[in-house]
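A short write-up of the structure that comes next.
For this chain, numbers begin at 1 and follow the sequence in order.
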Amino acid sequence: MNLSKLEMYVPAKLYKRGLDYFERGFVEQLTEDAPNRWHALVSGTQEYEVSINLKKDGAIVGSYCTCPFESDSLCKHEVAVCLAIGEYKAVNGAAAVDVASQLKSLKKAQLLEILEELVEHQPAVHHYLTEKFSETGDMDEEKARQLIRIAAYRAVRNGFIEWDRTDQALEGVEEVLEFLDGLDSQVDAEQIVRLSLVVIRECTGMLQIADDSSGDISSAVYESLEKIDETLAEWPGEVDEATVDRMLELLYPHILFGLEQDMTDAPNDLVESVLRWNEKGEFGDKLYNFIEKLIASKEMKSKTYHYLEERFRVYQLWVLQRDSGQDAVEAFYAKHHRYPAIRKAQVLQALRASEFEKALKLCEESEKLDEDFTGLLHEWEKLRFKAYEGMGNTAEMIDLSAKFTLDGEEEYYHKLKSMVDAEQWPNMLEALLAEMKNHPRSRPLYLGILIEEKRMEDLLDYCRRDISAIEQLYLHLLADYPHEVNEIYSAYIYRQIDRASNRKAYWTACQKIKSFKHALGTQAASRLVEEIKFMYPKRPALFDEVGKVKLE
């Protein structure tokens, strides 16, 4: 097979795919490591290494690719590299010059002459050297943006950044973050904020075309958000109105971009960070109006859900609670009563003020408003419990505690036990356990109560109904019911074997014999193994796996 006649020897389909890879520029880092020994990287579903060995006449005497393709023919990656070698030889001649070696052999004057010629006739070289010599070690927003975009562009394949190219895509981001780590927040505060915003914006855009299953791109976003938060919290010197105005103007388009992309929590985090400045001066009206402007934006209004707007209303409430009187706060509660988060804030304020009747009324009203939302109903019931607690209404607290206990909430089980009279507790416990027995959500708490109350007969009954539970519960039952534990555990292992249909499943079932041995001893495990061999004489794979179980 020869480079010049490749199409004659390679199946048409493979040749066509290799040609496609070559023409799309998937062959990278083509090098002649030694005379006629070539090496390259080829991008595909992932990056593959290819080696091609040639004779002087272009005959292919050996090839290797890290892809899983198995055939006597060249794979598509090897075809692509052979085509690239052919192109390189056509352009550079059959005997390519080792440029690096030649440059090393030249004298300084000869090197300067070549360099001057390149600068004069090659604009790209002139541009590169201009940037290189003008570098001061500083970085502005435009430079950071270009660094990030160039690295991301290099990692894109077919309009997408695969998971194994994420590190490459983030090389520019890492360079910017490394530069930020070297800045002093007491001197470079605004630069830290500006560059961090560039990272957040560029990474948010990157998320649209990347597989971020590793979470590295998202991590870069949240690392930058944290830098902004820390910088604003530790802002050097006194924060004046001009600084606040400048920072709000800077943040506004970035928050809108985050709202529009809807990929991260950046809009929320940025607003929360700037709200820190409400403690550094009288900026309440300015911050309140800034949030109002965000809420009125088309980016916010385009949302089909109201969670973000509700969250931003809570931010406005924070401002009012610090800077305005109670009348303004109450008016805000009334105006935005439709938002559960605002009503919750009102209930919590009433509880802190020991206005328990008011809190109770608000909770009951909210339960009616949110009756179709189970999660919200549960929150209102928890707050109603606090109101009853403040009022000393034990009867209502007992009813709610029983309800929460049935939902599996251990905290309220202990509260319930402490509130019910000792004489009434046995009957209450029996009623609870009877309901919890078939209540999936309360199962862990149900088992915990059985163990705590030493109700081993009920625990055994549970294991008979759910034999898989014996693995976790046998320790509590062995002392009183050793034979029953043996019976249930054996049944559990037999069920595993009955359901098995391949060697891997047999191996899994046999691992249970090891835990059985730990629970019931070597003698019982040996008997079980013999029984299994007797019961399943026509399963050689099972016999093999059972034989591997060490019983001594």
Salt-bridge test for R246 and E241: reply yes if a basic N is under 4.0 Å from a carboxylate O, no otherwise.
-> no

Taking the six-membered ring where the residue is Trp, are the ring centres of F312 and Y315 under 6.0 Å apart?
-> yes

K417/E452 ion pair, N-O < 4.0 Å | yes

For D480, check side chain to side chain contact (heavy atoms under 4.5 Å, CB included) against everything at least two apart and list the hits.
-> M456

For residues D498 and Y536, is any side-chain donor paired with an opposing acceptor at under 3.5 Å?
-> yes

Row check, Y252 ring normal vs K293 NZ/CZ: under 6.0 Å, within 45° = yes

Would R201 count as a cation-pi partner of F257, with NZ or CZ less than 6.0 Å from the six-membered ring centre and within 45° of the ring normal?
-> yes

Without placing hydrogens or testing angles, list every side-chain donor-acceptor pair under 3.5 Å for residues 359-366, not counting sequence neighbours.
unit_1: E365; atom_1: OE2; unit_2: H337; atom_2: NE2; d: 2.9
unit_1: S366; atom_1: OG; unit_2: R343; atom_2: NH1; d: 3.0
unit_1: S366; atom_1: OG; unit_2: L362; atom_2: O; d: 3.0

Which residues share a side chain to side chain donor-acceptor pair (under 3.5 Å) with R276, sequence neighbours left out | D229

Check ion pair K286-D245 (N to O, under 4.0 angstrom) = yes

In terms of ring plane angle, is the pair W425 and Y413 parallel, tilted or perpendicular, where the classes change at 30° and 60°?
-> tilted

Evaluate whether atom NE2 of H414 has more than 12 neighbouring non-hydrogen atoms of other residues, nucleotides or ligands under 6.0 angstrom away.
-> yes

Exercise: do S219 and D216 side chains pair donor with acceptor under 3.5 Å | no

Applying side chain to side chain contact (heavy atoms under 4.5 Å, CB included) to Y222 and not counting sequence neighbours gives S218, L225, T264, D265, D269

In terms of ring plane angle, is the pair Y489 and Y474 parallel, tilted or perpendicular, where the classes change at 30° and 60°?
-> tilted

Between W235 and W277, what is the ring plane arrangement, given parallel below 30°, perpendicular above 60°, and tilted in between?
-> perpendicular

Might you confirm whether atom CH2 of W318 has over 12 heavy atoms from other residues, nucleotides or ligands at distances under 6.0 Å?
-> yes

What pairs with A353 under side chain to side chain contact (heavy atoms under 4.5 Å, CB included), at least two apart in sequence or on another chain?
-> E355

Is any side-chain heavy atom of I497 closer than 4.5 Å to a side-chain heavy atom of R539?
-> yes

With sequence neighbours left out, what residues match D211 under side chain to side chain donor-acceptor pair (under 3.5 Å)?
-> S213

